[in-house]
Amino acid sequence: MGFYDRYILPELINFSCGLPQICKQRNQIVPLASGRVLEIGFGSGLNLPFYNTENVERLFALEPSEGMRKKSSPLLEKSLMECQWLDLEAEQVPLEDNSIDTVVLTYTLCTIPGWQNALQQMRRVLKPDGVLLFSEHGLAPDEAVRKWQDRLNPVWNIIAGGCHLNRDIPRFLRESGFDIQDINEGYMPKSPRFASYNYRGIAKQKK
Ligand SMILES: C[S@@+](CC[C@H](N)C(=O)[O-])C[C@H]1O[C@@H](n2cnc3c(N)ncnc32)[C@H](O)[C@@H]1O
């Protein structure tokens, strides 16, 4: 891991993903997590204050980046929840089939290189009635904004640790065998439009 990934990127992600407009989205979705919870791309632990700790039996914090784990481990250690690190990528979740009640996926599907495999893993570990709680930025509905998303994506990808501006989040979920039960979408305030079209909702495995 280079200097940028180890020291700069965790600070940059912590700052940008901790902006009030993003925390407002977290507050709408993370408190719904219950039971055995798997958070994909735990990052700097920005979701921790939003969990309803009484409803969470155990939190599996999956995060492949050592820099991000270093940033969030003091918070995780202080948590009232029983927590366990999974220091692997989402493409290879080391948990049993049908063993998780809630998968939490916030601002991470934009980054995962093998998103198809990762979503397959999430489906595999979810119990049949388990839920995937998501809040992700992605492809905007407006043509003019999409053009900018496509233009800026290559540079953004380098600066933002592999993040894509133009992923079609609902399509990715549906193509991977999820039924979207509830979705709320729109531009977040006080942010550039190319990076702020947000998809927040609840998905379940297709029957
Ligand atoms: C923009 S950050 C978001 C962090 C956190 N989910 C949040 O809501 O603040 C994206 C995270 O995805 C992680 N990530 C990158 N590739 C991944 C992969 N293949 N599997 C799981 N997480 C990954 C990064 O290390 C980073 O912590």
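If you read the sequence from its start, that first residue is 1, and numbering goes on from there. Whatever order the structure lists ligands and atoms in, that order sets their numbers, starting from 1.
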> Looking at ligand 1, does any of its N/O atoms fall within less than 3.5 Å of an N/O of S65?
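Checking ligand 1 against S65, no N or O pair falls under 3.5 Å apart.
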
> Would you mind running through ligand 1 and noting each atom that sits below 4.0 Å from a heavy atom of L62?
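Every atom of ligand 1 under 4.0 Å from some heavy atom of L62: 21 (C).
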
> Is a donor from one side chain sitting under 3.5 angstrom from an acceptor on the other, for R146 and Q149?
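Checked: R146/Q149 side chains show no N/O donor-acceptor pair below 3.5 Å.
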
> From the options S44, G41, A118, select the one whose nearest heavy atom is closest to atom 6 (N) of ligand 1.
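Residue with the shortest heavy-atom distance to the ligand atom: G41.
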
> By number and element, which atoms of ligand 1 are closer than 4.0 Å to a non-hydrogen atom of C17?
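Counting atoms of ligand 1 from 1, those under 4.0 Å from C17 are 1 (C), 9 (O).
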
> For ligand 1 and R26, I'd like to know whether there is a polar contact (N/O to N/O, distance under 3.5 Å).
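By distance alone, the answer is yes.
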
> Could you tell me the residue and atom name of the protein heavy atom closest to atom 22 (N) of ligand 1, and the distance to it rounded to 0.1 Å?
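Going atom by atom, the protein heavy atom closest to atom 22 (N) of ligand 1 ends up being P64 CD, 3.4 Å.
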
> Using a 4.0 Å heavy-atom cut-off, which part of C163 comes near ligand 1: side chain, backbone, both, or neither?
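Neither; no heavy atom under 4.0 Å.
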
> Side chain to side chain donor-acceptor pair (under 3.5 Å): which pairs involve residues 68-80, sequence neighbours left out?
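Checked against side chain to side chain donor-acceptor pair (under 3.5 Å) - neighbours excluded - the pairs reaching residues 68-80 are E11-K71.
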
> What are the two closest non-hydrogen atoms of Y51 and L59, and how far apart are they?
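Y51 and L59 have their closest heavy atoms at OH-CD1, 3.7 Å.
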
> Could you tell me whether some N/O pair between T111 and ligand 1 is separated by less than 3.5 angstrom?
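No.
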
> Hey, which atoms in ligand 1 end up nearer than 4.0 Å to a heavy atom of E63?
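What qualifies from ligand 1 is 13 (C), 24 (C), 25 (O), 26 (C), 27 (O).
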
> Can you tell me how the ring of W115 sits relative to the ring of F172, calling it parallel under 30°, perpendicular over 60° and tilted otherwise?
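Rings of W115 and F172: parallel, under 30°.
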
> Indicate, with yes or no, if the rings of F60 and W85 have centres closer together than 6.0 Å.
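Between F60 and W85, the centre distance exceeds or equals 6.0 Å.
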
> Can you list the atoms of ligand 1 that are under 4.0 Å from a heavy atom of G43?
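Those qualifying, in numeric order: 4 (C), 27 (O).
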
> By the definition side chain to side chain donor-acceptor pair (under 3.5 Å), identify the one residue from H137, Q25, E185 that meets it with N198.
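Considering H137, Q25, E185, a side chain to side chain donor-acceptor pair (under 3.5 Å) with N198 is found only for Q25.
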
> Please work out, at 4.0 Å between heavy atoms, whether the side chain, the backbone, both, or neither of M68 comes within that distance of ligand 1.
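The side chain, only.
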
> Would you say the side-chain atoms of S191 and Q21 include a donor-acceptor pair closer than 3.5 Å?
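Their side chains do contain a donor-acceptor pair, which is all the 3.5 Å distance test asks for.
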
> When you measure from atom 2 (S) of ligand 1 to each heavy atom in F42, Y107, W115, which option holds the nearest one?
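Heavy atom nearest to atom 2 (S) of ligand 1 belongs to Y107.
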
> Does only the side chain of I13 get under 4.0 Å from ligand 1, or the backbone, or both, or neither? Count heavy atoms.
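For I13, only side-chain atoms sit under 4.0 Å from ligand 1.
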
> Parallel, tilted or perpendicular: which one describes the rings of Y7 and F3, with boundaries at 30° and 60°?
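Correct class here is tilted.
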
> Provide the closest heavy-atom pair for S16 versus I22 in the form atom of the first, atom of the second, distance.
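Heavy atoms only, the tightest pair is O-CD1, 3.4 Å.
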
> Can you name the atoms of ligand 1, numbered from 1 with element, that are less than 4.0 Å from a heavy atom of E91?
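Ligand 1 atoms under the 4.0 Å threshold to E91: 18 (C), 19 (N), 20 (N).
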
> Mark up the atoms of ligand 1 that fall under 4.0 Å of a heavy atom belonging to P113, in ascending order.
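The atoms of ligand 1 under 4.0 Å from a heavy atom of P113 are 19 (N).
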
